[in-house]
Amino acid sequence: MHETMTRRHFLAAVPATAAAGTAGLRAAALPAEKPALLGGKKVRTEPFPAWPKFDQREESALLETLHSGKWYRGYGKNVAKFEEAYAKLTGAKYCLATANGTSALFISLNALGVEPGDEVLVPPYTFVATINVVLRQHALPVFIDSDIESSQIDARKVEAAINERTRAIIPVHLGGNAADLDALLPIARKHKIALIEDACQAHLGEWRGRKLGAWGDTGCFSLQASKNLNSGEGGAILCDDEDLRERCYAFHNNGSGLKAIGAAFSYKTTGFNLRMTEFQGALLLAQMTRLEEQTRTRDENARYLTSILKEIPGIVPARMYPGCTRNAYHLYMSRYRKEQFAGLPRAKFLKALAAEGIPASGGYTPLNTQPFIKEVLQSRGYQRLFSKERLKQWEEQNQCPANDQLCEQAVWFTQNMLLGPRRDMEQIAEAIRKIQASAAELNRSGA
Ligand SMILES: *Cc1c(COP(=O)(O)O)cnc(C)c1O
C-alpha cells in the first residue's frame, strides 16, 4: 500500500521519462521526445539479463558426471535425484524425467490410453508441440477458443465440444499464468476424460497454493533452453498414481517398466526411448538451486510492471483467474490496443519498442488454421480413422474468433527481462509512453 502511494505520488510529480531516472526533470509542456526509430535517443542501451544463468555449481556438476563415466540414468543417480527433488518441490507424488516437454506430453497421451481415432481438446494459443503430440497419436485435435482476457483456454467453451470419442483435454498454463482449473477439473471428472496439464511454461506457478502441473492426471514440463528451469533440452511428468507412473516409465523406456516382470528383456508395453541423460540431471539439480529466487524476482518485477502499465491506456496485461495464486511468468503477456496509439499497427509498435532497446514479441499465430493440420486430416490414415461427416463438422466448427483477435493484439516480454532491477520495468513503461506520445508521427513515417 505504502509502495503504491509512493509510486503514484512520484509519477504524478514528474513526467514519465523522468520516472526512470534517465532524463532528469523536464517540464511537462515540452513536445514529445523523438522516438529512437526516427533517430532519437534510445530509452535503454544495455541488454536485459542474459539467460541461462550458471556458475561453478553447474561447472562442477557437469565435470563430476563426465569423470564418473556414468552418463546414462541406468548407471548414475542424477536423474533419479532430480525426479525426487522436483516431485518434492511441486508436491506431486511422482516425477518422471523425460527427453523434453514434447515427449512428456506424448508419453502422457500414451500412458493415459489416448488412441488413434480419439479426440483431444486443445487450445489454439500454445506452442505447436501441444498439437503435434495429438496429431502424432493420430487423434483429432479439437480447438477450444481462447479467453482473450487471460490468453488461456476458455473453460466456458469446453463442455460443448465433448463427445463420445473425447478422451482427454490439454489445458496449457500459458506464459506461466494458469488456465482455469476450478472450471476444467470438474468437467474432466464429470465426463471421465483425462486432464493433462501442459505446464511447460509454468514451473513453480500455483493454483490455490498447489503447484501447477500437480493437479491433472499428469502435468508436463519442458526443460528446454528458453524455459524457466532448463538443461538445454529436457522434460518432466508429474503424477500421483503409481500405476500411471509405471505406464509412463515403461513407455519412455522402450516398454520396460520399473517393476521387473520376469527375465531381462521382457516388456510391459510398446514404447520409445525418451530418457533423460545424467548430464541433464546434473545441470538441473544445479539450476534448481536458483529456481525459487528467480521465480520470486520475476513475480515481483511483473507485479510492479503491471502496476505501472495500468496507467498507460491501450496496454492491457493478461488477466489472472482468482485461483492463480502464483504466476510463473515465463512470459509477461499483454494486449496492445492500437486505437490508443493513433492507429499505429502492432508490428510498427514492436519495431519502435525494439529501437528503444526493449525487445518484445507479437506472440503466437493461430494454430487451428495452420495449413499443415488440414493436410494431416486429409491423409490416408485420418481418412480411415474418422468419418467424412466428422471431419467436415470439425472444419465447420474450427473457429476461434477470440483467439484470432488475441493473436493480432498480443505483446510479450520474455522471462529473462523480469530478472533485473525494478528500473528495468520502469524503462519498459517509459519506452511505451514515449511511443504513445509520438504514435501519430511514427504512423505517418515510412520507418
Ligand atoms: C516448450 C513447450 C513445449 C515443448 O517442450 P520441448 O521441451 O521444447 O519439447 C510444449 N508446450 C508448451 C506450451 C511449451 O512452451
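First listed ligand is number 1; within each ligand, the first listed atom is number 1. FYI, the numbering just counts along the sequence from 1.
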Engineer: For the pair F279 and W71, name the ring-plane relationship: parallel under 30°, tilted 30 to 60°, perpendicular over 60°.
Structural biologist: tilted
Engineer: Which ligand 1 atoms are under 4.0 Å away from a heavy-atom of T126?
Structural biologist: 13 (C)
Engineer: Answer whether the closest heavy-atom distance between the side chains of L377 and L140 falls below 4.5 Å.
Structural biologist: yes
Engineer: In terms of atom number and element, which parts of ligand 1 are under 4.0 angstrom from non-hydrogen atoms of V172?
Structural biologist: 13 (C)
Engineer: Just jot down the ligand 1 atoms closer than 4.0 angstrom to any heavy atom of F127, in number order.
Structural biologist: 2 (C), 3 (C), 4 (C), 12 (C), 14 (C), 15 (O)
Engineer: Among Q224, E233, K227, which one has a heavy atom closest to atom 1 (C) of ligand 1?
Structural biologist: K227
Engineer: Identify the two heavy atoms, one from R208 and one from T325, that lie closest to each other, and give their separation to 0.1 Å.
Structural biologist: N-OG1, 3.3 Å
Engineer: Check ligand 1 against T130 and write out every atom of the ligand that is under 4.0 Å from a heavy-atom position of the residue.
Structural biologist: 11 (N)
Engineer: Mind checking whether L291 and L89 have side chains closer than 4.5 Å, heavy atoms only?
Structural biologist: yes
Engineer: Over 60° means perpendicular and under 30° means parallel, so tell me whether Y382 and H138 are parallel, tilted or perpendicular.
Structural biologist: tilted
Engineer: Going by the atom numbers of ligand 1, which of them fall below 4.0 Å from some non-hydrogen atom of G234?
Structural biologist: 7 (O)
Engineer: Counting non-hydrogen protein atoms only, what is the nearest one to atom 7 (O) of ligand 1? Give residue, atom name and distance.
Structural biologist: S222 OG, 2.6 Å
Engineer: Between G101 and ligand 1, does any nitrogen or oxygen pair lie at a separation below 3.5 Å?
Structural biologist: yes
Engineer: Do the side chains of Q201 and N228 get nearer than 4.5 Å, heavy atoms only?
Structural biologist: no
Engineer: Return a yes/no value for T102: is any of its N or O atoms, backbone included, closer than 3.5 angstrom to an N or O of ligand 1?
Structural biologist: yes
Engineer: Nearest heavy atom to atom 13 (C) of ligand 1: which of L174, L105, D198 does it belong to?
Structural biologist: D198
Engineer: Is there a polar contact, in the sense of an N or O pair closer than 3.5 Å, between Q201 and ligand 1?
Structural biologist: yes
Engineer: Given E246 and K259, is the salt bridge (charged side-chain N to carboxylate O under 4.0 Å, His left out) satisfied, shown in steps?
Structural biologist: CA-CA 8 Å; E246 177 69 1; K259 294 179 183 155; 5.2 Å; no
Engineer: Starting from atom 10 (C) of ligand 1, locate the nearest protein heavy atom and write down its residue, its atom name and how far away it is, to 0.1 Å.
Structural biologist: C200 SG, 3.5 Å
Engineer: With a 4.5 Å limit on heavy-atom distance, are the side chains of M276 and L223 in contact?
Structural biologist: yes
